[in-house]
Amino acid sequence: MSNSANQKLWGGRFAESPTELVERLSESVSFDARLYRQDIRGSQAHARMLGKVGVLSAEDVDAIVKGLDGIRADIDAGHFTWKTALEDVHMNIEAELTARIGDAGKRLHTGRSRNDQVATDLRLYVRDTIDEMVALIDAVSLGLLDLAEREADSVMPGFTHMQIAQPVTFGHHMMAWHEQIVRDKTRLLDARARLNLLPLGSAALAGTVYPIDRQFVAEQLGFDGITENSLDTVSDRDFALEFCFAASLILVHLSRWSEELILWASPMFGFVDLPDRFCTGSSIMPQKKNPDVPELVRGKTGRVLGNLNALLVLMKGQPLAYNRDNQEDKPPLFDSVDTLSMCLRVYAEMIPAIIVKRDNCRAAAAKGFSTATDLADYLVRKGLPFRDAHHAVGSTVAFAQKKGCDISELSLAELQQFSPLVEQDVYAAITLEGSLAARNHYGATAPNQVRAAIARARARR
Ligand code: ARG
């Protein structure tokens, strides 16, 4: 009988094999092979538990655990042939185990389904990934803190509406980025805490007839506990969605940083230089040095947002419990992992290398009447109501603009035209350094406050 359907692990009730096209549609081993370590860890814990409760003999457990160790070593070494006909990572490994150890391999799947198996593999994978991403975020964070410290006194314009607003320090700006990435880290850790429950034991959807010990499996796999409901467990992919959302928000942050770096590296701003190794040239314009790294990170953000959307749409129509649709969760998830990892790595390398062109930053901050608010605040200190001060300074700015100079370059007599309250001490208030130093409280831009923020952030790490 030439029918190969009964060679499938599930082939018993089938009269014919899937067509080649159906096999190509069904297979996931081309992408889920990357779960092999988690799959083997899960299987070993499951086998030990079956031994503990007396479903498997000690010899079978031993053969399974050792057999799986051998398979993992071979996969690690690149000596494993994945077979599309065996569909997925789970059946490839199980079939190989049986080929190596015989009947004990066939007993491994007792009390388990691929539905709770893949849910377990994927939770372990996302958990491992979160730990890697947190380490990468820590590297980015360290780079930002060092850069912020180096530039704690450097003046640059702060912007609102992309117009020069008030002077800030470059260090303060870097610490703003730092807050974003710190929130990102805590968001990943929140997701980690929520996902860290064991799915195994849910079996296909309703649980299993064997006297399993889920708590024992959970402990072996480092889970904090076990999931509550078998139907929910085999269908739940919230943890993958949460990861993809956290990844999206990290990339949105990196994309915003990228946008700023791209602007700042252009001659019109000239705030920073990116070392040549983070840039490329043009094939036609010999003078060009393009900020490709931030551009590519900004660009790659799009696909990570797309992956989140793909997962949301994948889930939205699914009734309980497991549906094969869920196999499609992996390509977008893995793509987000790879893209995020690459972008965090490159930012961790690039941030310490950013060269700040302090003179240009300072010159830009001196433009655009960035200390106009300081003049208004000065008049308020002299007794003028803020609204009146705002108006007087508005007229002062219009006058200076006509004259083609900054308000700090106007003579005392010129300033006094708009308010008789102005005295010689005004100049200290409306210099860039005066403006910075005056914003001297928790969370503000005064250099000593920036240093305090950096120290707090270092202590929190
Ligand atoms: N490869 C499958 C997935 O990723 C494993 C679970 C298959 N379950 C099933 N009942 N066909 O979702």
Side-chain angles (χ1 to χ4, degrees), residues 5-14 16-19 21-43 45-46 68 71 75 80 82-98 106 108-129 195 198-209 227 230-241 243-244 307 310-337:
N6 46 25
Q7 288 164 16
K8 299 274 179 204
L9 295 194
W10 41 253
R13 65 99 74 206
F14 283 77
E16 58 177 4
S17 298
T19 68
L21 201 56
V22 170
E23 202 160 279
R24 258 168 48 206
L25 176 73
S26 310
E27 73 84 23
S28 55
V29 68
S30 57
F31 49 85
D32 67 14
R34 82 149 84 181
L35 297 173
Y36 74 93
R37 291 174 154 275
Q38 289 80 11
D39 195 68
I40 287 174
R41 245 149 86 200
S43 289
H46 179 68
L68 288 171
I71 291 174
I75 302 173
F80 190 87
W82 298 100
K83 299 192 184 103
T84 309
L86 290 171
E87 273 185 36
D88 56 25
V89 61
H90 323 294
M91 294 203 286
N92 267 270
I93 291 176
E94 189 190 315
E96 179 63 21
L97 182 67
T98 300
K106 295 187 196 163
L108 167 62
H109 211 52
T110 313
R112 182 177 80 168
S113 153
R114 274 185 295 157
N115 297 351
D116 59 345
Q117 186 178 358
V118 70
T120 303
D121 293 4
L122 213 52
R123 280 188 194 233
L124 288 172
Y125 174 82
V126 173
R127 192 180 76 186
D128 292 346
T129 300
L195 75 73
L198 172 78
L200 275 175
S202 303
L205 76 166
T208 176
V209 297
T227 57
S230 61
L231 287 171
D232 173 54
T233 300
V234 294
S235 88
D236 172 30
R237 294 294 180 271
D238 290 2
F239 57 94
L241 275 159
F243 176 82
C244 284
N307 291 337
L311 277 192
L312 287 166
V313 177
L314 177 73
M315 296 310 296
K316 75 172 273 298
Q318 283 197 44
L320 289 174
Y322 177 85
N323 301 283
R324 192 66 180 275
D325 315 38
N326 277 354
Q327 181 164 294
E328 288 296 310
D329 58 1
K330 288 164 210 72
L333 171 67
F334 294 161
D335 185 67
S336 284
V337 170

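Ligands are counted one by one from 1 in listed order, and the atoms in each one are counted from 1 as well. Keep in mind that what you see is a predicted model, and the values were worked out from it rather than measured. Any value given below was found using the heavy atoms of this structure, including those in side chains, with hydrogens, waters and symmetry copies removed.
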Roughly how far apart are Leu333 CG and Leu122 CG, rounded to 0.5 Å?
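Taking CG in Leu333 and CG in Leu122, the distance rounds to 6.0 Å.
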If only side-chain N and O atoms count, and only distance matters, is there a donor-acceptor pair under 3.5 Å linking [Y] with [X]?
X      : Y      : result
Gln327 : Asp88  : no
Arg34  : Tyr125 : yes
Arg112 : Ser43  : yes

Atom pairs, nitrogen or oxygen, ligand 1 to protein, under 3.5 angstrom:
from	atom 1	to	atom 2	distance (Å)
ligand 1	1 (N)	Ser28	OG	3.4
ligand 1	1 (N)	Asp88	OD2	3.0
ligand 1	1 (N)	Gln327	OE1	2.8
ligand 1	4 (O)	Lys330	NZ	2.6
ligand 1	8 (N)	Asn115	OD1	2.9
ligand 1	10 (N)	Asn115	OD1	3.2
ligand 1	12 (O)	Tyr322	OH	2.3

Note: Arg237-Asp325 ion pair, threshold 4.0 Å (strictly below)
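No salt bridge links Arg237 with Asp325.
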Taking Asp128 first and then Arg41, would you say they form a salt bridge - that is, a charged N and a carboxylate O separated by under 4.0 Å?
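Salt bridge: yes.
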